[in-house]
Amino acid sequence: TIGWLGDSRAYWISPDNSRQLTWDHSWINEVVSLGRMSEAEAKKLPQAHAITRWLGADAGENAQPFIMNFDIPGSGYLLLCTDGLWNYAPQ
């Protein structure tokens, strides 16, 4: 079980199957997933990477994490990262 919010990500890395398991809670991800604009259009706007969920005294309703279950398919690594590390390997 993985719970996350904000700019935290989890990846599964194995010799034959690597994939991103979670996504940032950001403005760009919300508008693209809702079909309001393309990723290319959204990337051009200044609020593109603004975080929409976070922890902290001022978070209020924005502190609700997403939760998912992930069945480990075999040997591999679970990589957890936060704070913009995705910039180094966006794909």
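Put simply, the side chain of H25 never gets that close to the backbone of R53: no donor and acceptor are under 3.5 Å apart. S8 places no side-chain N or O within donor-acceptor distance of the main-chain N or O of W4, the cut-off being under 3.5 Å. At distances below 3.5 Å, not a single donor-acceptor pair connects side-chain atoms of R9 with backbone N or O atoms of L21. In this structure a side-chain-to-backbone donor-acceptor pair under 3.5 Å is missing from T1 to N69. Side chain of T22 to backbone of A10: a donor-acceptor contact under 3.5 angstrom is found. At distances below 3.5 Å, not a single donor-acceptor pair connects side-chain atoms of D7 with backbone N or O atoms of D24.
With hydrophobic clusters built from ILVMFWY side chains whose heavy atoms lie under 4.5 angstrom apart, M68 shares a cluster with L80. A continuous path of hydrophobic side-chain contacts links W27 to V32 [ILVMFWY only; heavy atoms under 4.5 Å].
Closest heavy-atom contact between D58 and W54: OD1-NE1, 3.1 Å. Pairing each heavy atom of P15 with each of S75, the nearest pair is CD-O, 4.1 Å. Among all heavy-atom pairs drawn from E30 and S33, the shortest one is O-OG, 3.1 Å. When all heavy atoms of A63 and P65 are compared, the pair lying nearest together is O-CD, 3.2 Å.
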(message) Could you walk me through whether C81 and Y11 satisfy the side chain to side chain contact (heavy atoms under 4.5 Å, CB included) test, starting with their C-alpha distance in whole Å, then the side-chain angles of each, then the deciding distance to 0.1 Å, before giving a yes or no?
(response) CA-CA 9 Å; C81 63; Y11 299 87; 3.8 Å; yes

(message) I'd like to know whether L55 forms a side chain to side chain contact (heavy atoms under 4.5 Å, CB included) with L5, so could you lay out the CA-CA distance, the side-chain angles of the two residues, the decisive distance to 0.1 Å, and finally the verdict.
(response) CA-CA 8 Å; L55 291 175; L5 59 89; 3.9 Å; yes

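If you take OG on S14 and CG on L78, they are separated by 11.5 Å, rounding to the nearest 0.5 Å. If you take OG1 on T52 and CG on N29, they are separated by 8.0 Å, rounding to the nearest 0.5 Å. Put simply, CD1 on I28 and CD on E41 are 10.5 Å apart, with the number rounded to the nearest 0.5 Å.
For L34, the CG atom is densely surrounded, since the number of other residues' heavy atoms within 6.0 Å is greater than 12.
Two residues are said to be in side-chain contact when any heavy atoms from C-beta on lie closer than 4.5 Å; I13 and R19 fail this criterion.
Under the side chain to side chain donor-acceptor pair (under 3.5 Å) criterion, Q47 pairs with no residue at all, not counting sequence neighbours.
Aromatic rings of Y77 and W12 (six-membered ring for Trp) have centroids beyond the 6.0 Å cut-off, not under it.
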